[in-house]
Every structure is written in structure tokens, then in C-alpha cells.
Amino acid sequence: MLSRKGLIPEDYLLTRLAEDVLQPKFKAKAGKARFVSKNGTCNVAHTNIREQGRFLQDVFTTLVDLKWLHTLIIFTMSFLCSWLLFGMIWWLVAFAHGDLDQSGDDFIPCVTDIHSFSSAFLFSIEVQVTIGFGGRMITEECVSAIIILIVQNIVGLVINAIMLGCIFMKTAQANRRAETLIFSKHAVISVRNNKLCFMVRIGDLRKSMIISATVRMQVVKRTTTEEGEVVPLDQLDIHMDNPVGTNGIFLVSPLIICHIIDKHSPLYELSASDLLHQDIEVIVVLEGVVETTGITTQARTSYVSEEILWGQRFVPTVSEEDGMYAVDYSKFGNTMKVPTPCCSAKKLDEAGGIARFKLTEGVTLRASVRRRRGSAKELHIKA
């Protein structure tokens with residue numbers, strides 16, 4: 001979307017995911033549904049809801065959640081129906097008082113210059129939207145007309161407050177701000193600080209910051225309890241490695257979010273071979289307050305087992321140039337191979353840790369960097 005508007009070049013666009021790289025295209029297994037898609041939408045269909053009336057108990061939220069077309073239709077029809085309703089009431093008042101037939105100079109009508117339903121409808125619009133052209137006005141002749149005038153003004157203010165508030169909330173929603181919060185297309189598992197870690201990279205394309213940004217991770221998989229109960233979508237929290245003890249981050253430049261695979265991790269017994277056969281999904285949620293509007297926004301993505309690269313590490317994207325730090329987003333999703341044990345973290349602990357564990361045969365000691373399409377020659381880094 002940003003590239004279509006000309007804000008950033010097409011080859012620079014990341015759109016909530018990482019860029020395309022020279023590597024095989026992974027596809028989820030046939031029949032395997034994702035709980036959260038890559039763009040953050042939840043793939044959950046709510047069916048057989050019998051208590052539909054609960055949505056009408058919160059009309060404002062229901063209007064905000066509707067599609068723009070439906071909201072604009074309701075916005076137009078609410079004003080049009082109220083004008084027609086009170087136009088009919090004004091016509092009935094004029095008909096009951098005889099304003100449609102009397103034309104003498106001594107006759108005082110309830111509302112001047114109402115001769116048909118069309119003129120009554122025009123007067124209804126003038127009353128409700130406070131547009132008066134001086135031709136039609138209410139007189140002191142009818143108390144009922146004064147009461148109707150008060151009621152219509154109150155009803156008009158209520159409709160304005162609800163519908164304009166709904167339009168404002170729909171335009172002020174932070175969904176579009178989340179479009180510039182990006183995630184790497186793949187997650188990686190490799191050794192970091194002598195520990196096996198699960199890592200993803202997140203970034204923000206805008207200069208305006210996300211205040212109080214927090215990151216949460218969950219593993220969604222099918223589990224079976226000790227009693228034999230099958231839980232199709234068991235959500236298990238993942239603790240992130242943060243020295244301050246919280247999930248709060250300072251998202252000025254792209255950050256690598258790291259999860260240490262220890263004995264408390266849902267990935268503790270997962271090895272490289274198990275990753276290819278197990279149906280697991282790791283959900284990453286980035287949430288914070290938009291600095292410019294003060295509205296909370298949330299961006300989500302997920303990684304299925306085919307999108308988790310074992311034995312890979314993200315390449316650096318930040319460099320220092322002329323006394324400033326420059327971020328190269330063309331390297332945002334690039335990874336490089338690093339020596340990594342193929343066994344699970346549990347077996348590593350049983351073997352005495354990384355230092356005492358003999359690297360599995362076949363793991364190359366030369367690290368190669370995955371580059372974007374159209375980039376320069378492939379960079380090789382010696383381990």
C-alpha cells in the first residue's frame with residue numbers, strides 16, 4: 001500500500017513481513033490451518049451464534065466494527081429517515097391545524113409556508129441541521145409544534161453524536177499504523193550466549209515511536225492432557241530474554257527478540273528433525289501506544305514449523321555513518337548459517353551444555369548470508 005502511494009520504493013517495501021530472499025518457498029502442510037495468518041488476521045470463524053441480540057446491546061461498537069460501506073449506508077439512512085419521520089410529523093401538524101387550506105391574511109399557521117409534504121420535509125431538514133433560509137419558521141400558534149421542534153433538535157444532536165463519533169473512531173483506528181510495524185518472514189533457532197535460542201526480528205518503518213512497546217509470544221499446538229482430553233489450540237506463553245525483567249522494548253531500530261529455550265520453554269524437547277514433523281505455530285504480538293495519536297495499536301504475525309529456520313542467525317542491519325546510526329532495511333530478513341547442534345535443548349543440558357557438546361556432523365563451519373533478489377554477489381563469512 002505504501003509503495004502504491006509512492007511513499008517508499010517497491011523494492012524497499014516490507015509490508016508487515018520481511019523481504020523476499022533467494023531461498024526455497026515454504027508452504028504449510030496441506031490441511032493445516034493457521035491460527036494467525038502472516039498479516040496478523042485471526043483465522044477463526046464464529047458460527048452458530050444464537051444470541052445475536054447481544055450485538056445490538058452495544059450499538060456503538062457494532063457500528064465501529066462494521067465495514068465502511070455498511071457504516072456509510074447506516075450513516076446516510078439515519079439522517080434521511082429522521083428527516084422523513086419529522087417531515088411527516090410537521091405535515092400532520094399543518095394538516096391538523098388547517099395550514100394547508102387556509103390562506104387568509106388573518107390566519108396564523110403553526111409553521112409558515114408549509115403547503116405540501118415537500119415543504120414540510122424541507123422544513124424538517126432546516127430544523128435538524130440548523131440551515132434556515134428565512135421562508136419557513138415556527139409561530140406561537142401551536143404548543144405541539146414547539147414541543148416537536150425541541151424533540152427534533154434533541155434527536156438530531158443524538159444522531160450527530162453517535163454517527164460522527166462512529167466515523168471518527170473508524171478513521172482514528174490504529175490498524176493502519178500497524179502496517180509499518182514489520183516482522184521478519186522467518187524465525188530462526190541458533191546458539192546465542194552459549195544457549196539455544198528462538199529469535200525473530202521486528203522493526204518500525206516510521207520515525208514516530210511506539211511508546212511502551214511490548215512483545216508477547218505464544219506457542220499454539222495440539223496437546224493431550226493426562227486425562228485424555230484433546231486441546232486443539234493449546235496456547236502456551238513464551239518468556240522473552242530481557243535484562244530489565246519485562247517485555248518492554250525501545251523500538252527505535254530493528255530489534256531481535258530472543259527466547260531462551262530452557263526447561264520452562266514449550267520448545268525444550270524440540271529438535272531440528274522434530275521441527276519438520278510437528279505442527280506448531282509461534283504467535284508474536286507487538287503492542288504499544290502511537291506517539292502521535294495516543295491510541296493503542298497492535299501488530300501480529302505467526303511462524304509455523306516450515307517458517308522456522310534451524311541453524312540460522314540474522315545479519316546486522318545497523319551501521320554507524322557520519323556520527324549517526326543507519327538502518328539498512330534491505331538486510332532486515334537476511335540470515336546466515338551458523339554452527340548449531342541439531343538436537344533439542346533438553347539433550348544439550350543432559351550433555352553438559354554447548355561447551356561440552358560435540359557439534360553434529362554435517363554442520364558447516366562456513367556461514368553464508370541469504371541475500372535479497374537483485375542484490376550484489378552473495379557474501380560469505382567465515383565462522
Side-chain angles (χ1 to χ4, degrees), residues 1 39-42 44-94 110-111 114 116-138 142-181 208 210-212 287-300:
M1 182 186 71
N39 61 3
T41 58
C42 297
V44 179
H46 299 276
T47 59
N48 298 327
I49 300 178
R50 299 180 180 179
E51 299 182 4
Q52 298 287 348
R54 291 182 177 269
F55 295 99
L56 298 179
Q57 295 177 3
D58 188 5
V59 179
F60 185 78
T61 304
T62 302
L63 291 176
V64 174
D65 290 339
L66 290 176
K67 296 181 179 180
W68 267 108
L69 178 61
H70 299 160
T71 301
L72 293 177
I73 292 175
I74 294 175
F75 179 86
T76 304
M77 293 303 298
S78 61
F79 285 101
L80 185 60
C81 291
S82 64
W83 295 338
L84 288 172
L85 174 62
F86 283 98
M88 178 63 69
I89 294 176
W90 287 117
W91 183 82
L92 291 175
V93 169
C110 292
V111 181
I114 289 185
S116 62
F117 177 77
S118 298
S119 57
F121 177 71
L122 291 175
F123 179 72
S124 174
I125 297 176
E126 294 174 5
V127 170
Q128 189 161 330
V129 300
T130 64
I131 297 177
F133 298 100
R136 302 177 183 86
M137 65 184 67
I138 193 171
C142 301
V143 178
S144 59
I146 299 175
I147 296 175
I148 294 172
L149 179 68
I150 296 173
V151 172
Q152 184 172 4
N153 274 278
I154 295 175
V155 172
L157 291 174
V158 172
I159 294 177
N160 286 337
I162 295 177
M163 299 311 303
L164 295 180
C166 175
I167 296 297
F168 172 77
M169 289 302 298
K170 287 185 71 67
T171 55
Q173 283 182 335
N175 297 343
R176 294 304 179 186
R177 178 61 177 91
E179 295 292 337
T180 52
L181 299 174
S208 58
I210 298 295
I211 304 173
S212 302
E287 188 174 15
V289 179
V290 182
E291 183 181 26
T292 54
T293 62
I295 300 176
T296 302
T297 185
Q298 186 182 92
R300 301 177 296 268

Can you name the closest pair of heavy atoms from [X] and [Y] and give their distance?
X	Y	result
Ser82	Ser124	O-OG, 4.2 Å
Val129	Ile125	CG2-O, 2.8 Å
Ile138	Ile146	CD1-N, 3.6 Å
Lys170	Leu66	NZ-O, 2.6 Å

Could you give the distance from [atom1] ([X]) to [atom2] ([Y]), rounded to the nearest 0.5 Å?
X	Y	atom1	atom2	value
Gln152	Leu85	CD	CG	8.5 Å
Trp90	Cys110	CH2	SG	8.5 Å
Leu72	Ile167	CG	CD1	5.5 Å
Thr296	Ile211	OG1	CD1	10.0 Å
Phe86	Leu92	CZ	CG	12.5 Å
Leu80	Ile73	CG	CD1	12.5 Å

I want to check something: taking the side chain as every heavy atom from C-beta on, are [X] and [Y] in contact at a cut-off of under 4.5 Å?
X	Y	answer
Gln128	Ile159	yes
Phe168	Val64	no
Met163	Ile74	yes

Aromatic plane relationship, Phe79 with Trp83 - under 30° parallel, 30 to 60° tilted, over 60° perpendicular: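 It falls in the tilted class, 30° to 60°.
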Pair Trp91-Val111, side-chain contact (heavy atoms from CB on, under 4.5 Å): steps then yes or no: CA-CA 10 Å; Trp91 183 82; Val111 181; over 6 Å; no
side-chain contact (heavy atoms from CB on, under 4.5 Å) between Val127 and Asn153, intermediate numbers included: CA-CA 7 Å; Val127 170; Asn153 274 278; 3.8 Å; yes
